[in-house]
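Step one of this worksheet: look at the structure below.
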Protein chains: 2
Amino acid sequence: MTSNFEALFDYVQKLSGKILSAEEKQVFIAHFKPKKLRKRQYFLQEGDICKYTGFIVKGSARTFTVDEKGHEHILKLSVENWWLNDFESFYQLTPSRFNIQALEDMEILQITNALVDEFIKPIPAFSAMQNVISQNYTIAAQKRMQSAISHSGEERFQELVNQYPHFLQRFPQNMIASYLGLSPETLSRIRKNSLK
Amino acid sequence: MTSNFEALFDYVQKLSGKILSAEEKQVFIAHFKPKKLRKRQYFLQEGDICKYTGFIVKGSARTFTVDEKGHEHILKLSVENWWLNDFESFYQLTPSRFNIQALEDMEILQITNALVDEFIKPIPAFSAMQNVISQNYTIAAQKRMQSAISHSGEERFQELVNQYPHFLQRFPQNMIASYLGLSPETLSRIRKNSLK
DNA sequence: TGTATTTAATGACATAAGTCAAGTCGCAGC
DNA sequence: GCTGCGACTTGACTTATGTCATTAAATACA
């Protein structure tokens, strides 16, 4: 049962560059709760407050909105060793504008904001990890934004192929299209043309 | 001369919710260097390493890239009480992919990464401020990204009008267009149509 | 294995946005 | 007070992308 946690420990240690003591690991085990989600099950629904943040041990999920016309727009695709939450709702305890749904059966380790603050943040490796994540995230967000305002759909697709090649195997093409801000038909045509 | 620093002190105190002691203020004054930039002058050029981060006391700037066709794309517009830097280049000391140029005459307070780490980060109010900024930035980046993949040019323009109304007075329309990922002609037509 | 559901491809057409060129306006600098 | 440049608008046209409808293929699952 504890084996679930190895992925989390490895991840924290790798990103922080610090080793977790046996006592610190026990603190993680005491407060993170293992949870399973079935494919299609919702981790969060629009309008709800994101009470938990989850570390993804296995499986994948999408974060998306639904517009007035009923079209879904995927903001984030999440896989193993990423965190699952709506950052804004989780930290500010405000109703979320997003839905988060499992795309495959998932195993996560989840915890509330209050417990993070009280027990987990004081662990130096964890707060160091948070700083690294925050820095990486900022850089990635900037790149994605630059791509969005500067590049065509075809260019954005090529960048995704280069940056996350495994996404193509793992997610249906219509999800990829939505993530890129394209219609499924357009992505289908882009792929057809780029086979030359 | 010290009056320059009041804006910075106010900003740090407001965001962190902590008061700066007289000694801490002296640490800021000792390490941040006032610098003036003339309109059109570059704070950073593509390919250079962003050695400094600057707090904007007065004036404004744009962060942009130039693509193969010679078109400029504005990623960021920065005004008073914002920080001026390329985050990625500044923290990782890698050559920047961006240009940063003054749009008006500017007064900034600048400092190197090394000096921040050694003298400024240890000030509790400053590191608290950094956490708040990082959180706000992440939320803002997520909203902007959602907008980019979900909304039309017209909708993105309306969001900008609501969120940063003063930008319209302050920046030429072609800069706004570039920030929104639109051609100047398209933005001109959007404005014309939305006058109904 | 057969059947239902999801996903992908494609054609025909509509709409959004970009491009190029021309012309106007306003203003900074000589 | 000129002059020239930058900013904005507008029209004509092109290109990219979206929409709708249909069919085919892949997949889930009973």
Side-chain angles (χ1 to χ4, degrees), chain A residues 38-41 59-62 64-74 77 101-106 147-161 167-196, chain B residues 38-41 59-60 62 64-74 77 101-105 147-161 167-196:
Chain A
R38 303 289 302 273
K39 182 174 176 173
R40 289 194 195 163
Q41 192 178 340
S60 59
R62 62 178 180 141
F64 68 101
T65 56
V66 183
D67 67 23
E68 327 77 50
K69 295 176 195 153
H71 291 171
E72 298 177 350
H73 302 277
I74 296 180
L77 290 168
Q101 183 192 34
L103 292 175
E104 301 167 321
D105 289 349
M106 300 189 81
S147 185
I149 62 168
S150 314
H151 300 337
S152 68
E154 180 158 5
E155 290 166 322
R156 300 202 302 279
F157 175 65
Q158 283 307 331
E159 286 160 13
L160 180 127
V161 170
F167 274 24
L168 293 184
Q169 328 306 329
R170 188 151 187 186
F171 301 114
Q173 198 168 294
N174 57 358
M175 301 278 169
I176 304 277
S178 177
Y179 178 82
L180 291 171
L182 296 170
S183 69
E185 294 93 335
T186 297
L187 182 56
S188 173
R189 291 179 178 117
I190 284 171
R191 287 194 51 221
K192 189 182 171 189
N193 289 332
S194 66
L195 286 183
K196 290 168 198 164
Chain B
R38 305 290 301 273
K39 183 174 176 173
R40 303 223 167 115
Q41 192 178 339
S60 61
R62 62 179 180 140
F64 68 101
T65 55
V66 183
D67 68 21
E68 327 76 50
K69 295 176 195 153
H71 291 171
E72 298 177 352
H73 302 278
I74 296 181
L77 291 167
Q101 183 192 33
L103 292 176
E104 301 167 320
D105 290 349
S147 185
I149 62 168
S150 312
H151 299 338
S152 67
E154 180 158 7
E155 290 165 322
R156 300 202 302 279
F157 175 66
Q158 283 307 331
E159 287 161 13
L160 180 126
V161 171
F167 274 23
L168 293 184
Q169 328 307 329
R170 188 151 187 186
F171 301 113
Q173 198 168 294
N174 58 358
M175 301 277 170
I176 305 277
S178 178
Y179 177 82
L180 292 171
L182 296 171
S183 69
E185 294 93 335
T186 297
L187 182 55
S188 173
R189 291 180 177 115
I190 285 172
R191 289 193 52 220
K192 190 181 170 190
N193 288 333
S194 65
L195 287 183
K196 290 168 197 164

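Between the P atom of C:dA16 and the CG atom of B:Leu180 lies a distance of 17 Å, rounded to the nearest Å. Going from atom CZ of A:Arg40 over to atom P of D:dT27 covers 14 Å, rounded to whole Å. Here D:dT17 presents its P atom at 16 Å from NE2 of A:His73, a figure rounded to the nearest Å. Look at CD1 on A:Ile149: it is 20 Å from P on D:dA16, rounded to the nearest Å. Straight-line distance from the CZ atom of A:Arg191 to the P atom of D:dA16: 20 Å, rounded to whole Å. Distance CD (A:Glu154) to P (C:dA17): 20 Å, rounded to an integer number of Å. Between B:Glu104 atom CD and D:dG6 atom C1' the separation is 16 Å, expressed in whole Å. Here the C1' atom of nucleotide C:dG11 and the CG atom of A:Asn193 are 14 Å apart, to the nearest Å.
Take A:Glu154 and apply the side-chain hydrogen bond (donor to acceptor under 3.5 Å, both in side chains) test, not counting sequence neighbours, and it matches no residue.
In this structure a side-chain-to-backbone donor-acceptor pair under 3.5 Å is present from A:Arg156 to A:His151. With hydrogens and angles disregarded, no donor-acceptor distance shorter than 3.5 Å links the side chain of B:Asp105 to the backbone of B:Arg38. Side-chain atoms of A:Gln101 come within 3.5 Å of backbone atoms of A:Arg40 as a donor-acceptor pair (strictly under, hydrogens ignored).
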Subject >> Criterion side chain to side chain contact (heavy atoms under 4.5 Å, CB included) on A:Phe171 and A:Ser60, from CA distance to verdict >> reply: CA-CA 9 Å; A:Phe171 301 114; A:Ser60 59; 3.5 Å; yes
Original post:
Is there a side chain to side chain contact (heavy atoms under 4.5 Å, CB included) between A:Thr186 and A:Leu180 once you walk through the steps?
Top reply: CA-CA 11 Å; A:Thr186 297; A:Leu180 291 171; over 6 Å; no
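With C:dA17, C:dT7, D:dT19 as the candidates, the nucleotide lying closest to the side chain of B:Ser152 is C:dA17.
Summarising the geometry, atom CD1 belonging to B:Ile74 is positioned 6.5 Å from atom CG belonging to B:Leu103; distances are rounded to the nearest 0.5 Å.
Of the side-chain N and O atoms in A:Gln173, one or more sit less than 4.0 angstrom from OP1 or OP2 of C:dA9. Put simply, B:Asn174 has no side-chain N or O that comes within less than 4.0 Å of OP1 or OP2 on D:dG6.
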Under 3.5 Å, which N/O atoms of the protein pair with N/O atoms of nucleotides 10-15 of chain D?
residue : atom : partner  : partner atom : Å
D:dG11  : N7   : B:Arg189 : NH2          : 2.6
D:dG11  : O6   : B:Arg189 : NH2          : 2.8
D:dA12  : N6   : B:Arg189 : NH2          : 3.3

